[in-house]
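Data block below; observations after.
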Protein chains: 2
Amino acid sequence: MTTPQLTKNQSLVFEVLEKAEGPLSAYTILDKLRDHGFRAPLQVYRALEKLLEYGVVHRLESINSFVACAHPGDNCHSHGIVAFAICESCGQVMEFHDHEVDHRLMGWVRGQNFKPEKTTIEIRGLCEACAA
Amino acid sequence: MTTPQLTKNQSLVFEVLEKAEGPLSAYTILDKLRDHGFRAPLQVYRALEKLLEYGVVHRLESINSFVACAHPGDNCHSHGIVAFAICESCGQVMEFHDHEVDHRLMGWVRGQNFKPEKTTIEIRGLCEACAA
DNA sequence: TTGCACACGTTATAGCATAACGCAATTGAT
DNA sequence: ATCAATTGCGTTATGCTATAACGTGTGCAA
Ligand SMILES: [Zn+2]
Ligand SMILES: [Zn+2]
Ligand SMILES: [Zn+2]
Ligand SMILES: [Zn+2]
């Protein structure tokens, strides 16, 4: 999937996520964009929907939040499954790919004739700084 | 973690999950237990909290639902990371463990000096029956 | 011109989860 | 036996997350 020109709202939401230190909830994004005319959650969710589709933003299911892709330029969709390490103390997120993990998981589901669409891997814990 | 005697509410919630075909949301559980005196979400959430702690129930982060552990007798906590394949059509859930996946993920985070606490692996897609 | 696709704005509603209070039963010292 | 601490429970209220439903405007192709 190639990323088309972003609309105004999509650009605003994406910029907020890019500048953020860590993942943000949709409502936090909304608050940060009220000065730019955002008034309702749907404005955020509709932009996020497209940004997710384009692969430039990821959704963190375990914390109901969104984060800009850590691999600008690349398209994460082409890297297989994306995994995240999420610090529960400071909120920092590390994003990585592991083809061996992909291979094992996809091998298992294929053995069950299960047809995978979307895979979530999220590791919550403490980052190096916060664990010290 | 050994599983202590369940309280009344914990037993009721667990029985509902055991009998269910697939994962249930907390509010669905609540509705199924209204005839047994349940009136408020907290009664469900408090029971779930313990059942999750005991490892007899799992939470599916990507669909905000809960499911009874598929390995009664075993304690899933001792099996390392648990992975789920969730059918988006019929709701059926398959639970499995893969030590190689655990090993790769834990290896990666240790390389970052990240201290993992809880890991989520959820594959959404279509089960064999629904994909046909 | 007409029809369609798409982004957008607004209001309302649905769905998920926890805070805060108080009460009762249990347990385990003292 | 008494006291304190813990745990479970019930209730009300609130907060957070997400979508439904309706209407508007714009650009473009048939
Ligand atoms: Zn990415
Ligand atoms: Zn941290
Ligand atoms: Zn299990
Ligand atoms: Zn199915």
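Here is how names work: the chains are called A, B, and so on, in the same order as the sequence lines, proteins then strands, and each is numbered from 1. The model shown is predicted, which means the values in this text are computed figures rather than measured ones.
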Next item on the list: For B:Ile29 and C:dG15, give me the distance from atom CD1 to atom C1', rounded to whole Å.
Entry: 14 Å
Notebook entry, point to check: Can you tell me how far P of D:dT19 sits from CG of A:Leu52, to the nearest Å?
Noted result: 11 Å
Check: Do the side chains of A:Tyr54 and A:Gln10 get nearer than 4.5 Å, heavy atoms only?
Finding: yes
Next item on the list: Evaluate the side-chain proximity of A:Arg124 to B:Glu61: yes if any heavy-atom separation is below 4.5 Å, no if none is.
Entry: yes
Item checked: Min side-chain heavy-atom separation A:Lys118-B:Glu88 under 4.5 Å -> no
Notebook entry, point to check: Using a cut-off of less than 4.0 Å, is there contact between a side-chain N or O of A:Tyr45 and OP1 or OP2 of D:dT19?
Noted result: no
Next item on the list: From the options D:dC9, C:dT10, D:dA18, select the nucleotide whose nearest atom is closest to the side chain of A:Gln43.
Entry: C:dT10
Item checked: Per B:Phe66 side chain, nearest of listed nucleotides D:dG8, C:dG9, C:dA17 -> C:dA17
Next item on the list: Can you measure from NE2 (B:His58) to OG (B:Ser65) and round to the nearest 0.5 angstrom?
Entry: 14.5 Å
Notebook entry, point to check: If each of B:Arg46 and B:Asn64 is mapped to the nucleotide of DNA chain D with the nearest heavy atom, which maps nearer the 5' terminus, i.e. the 5' end?
Noted result: B:Arg46
Checklist line | Euclidean distance, atom CD of residue A:Glu53 to atom C1' of C:dA7 [Å, nearest integer] | finding: 13 Å
Checklist line | First encountered from the 5' end of DNA chain C, between A:Leu42 and A:Lys50 | finding: A:Lys50
Next item on the list: Round to a whole Å and report the spacing from CZ of B:Arg39 to C1' of D:dG8.
Entry: 19 Å
Next item on the list: May I ask you to decide whether A:Glu49 forms a salt bridge with A:Arg46, counting only side-chain N to carboxylate O separations under 4.0 Å?
Entry: no
Next item on the list: Would you kindly give the CD-to-P distance between A:Glu49 and D:dT19, to the nearest whole Å?
Entry: 8 Å
Margin query: Let me spell it out: for each of B:Ala40 and B:Gln10, pick the nucleotide of DNA chain D with the closest heavy atom. Which residue's pick is nearer the 5' end?
Written below: B:Gln10
Margin query: I'd like to know if A:Tyr27 reaches the base of D:dA18 with its side chain such that a donor and an acceptor end up less than 3.5 angstrom apart.
Written below: yes
Check: Between D:dG8 and B:Thr7, is there an OP1 or OP2 to side-chain N/O distance shorter than 4.0 Å?
Finding: no
Notebook entry, point to check: Whole-Å distance between D:dC9 C1' and B:Lys8 NZ?
Noted result: 12 Å
Margin query: Output the rounded distance in Å from CG (B:Leu6) to P (D:dC9).
Written below: 10 Å
Notebook entry, point to check: In whole angstrom, what separates A:Ile63's CD1 from C:dA17's C1'?
Noted result: 16 Å
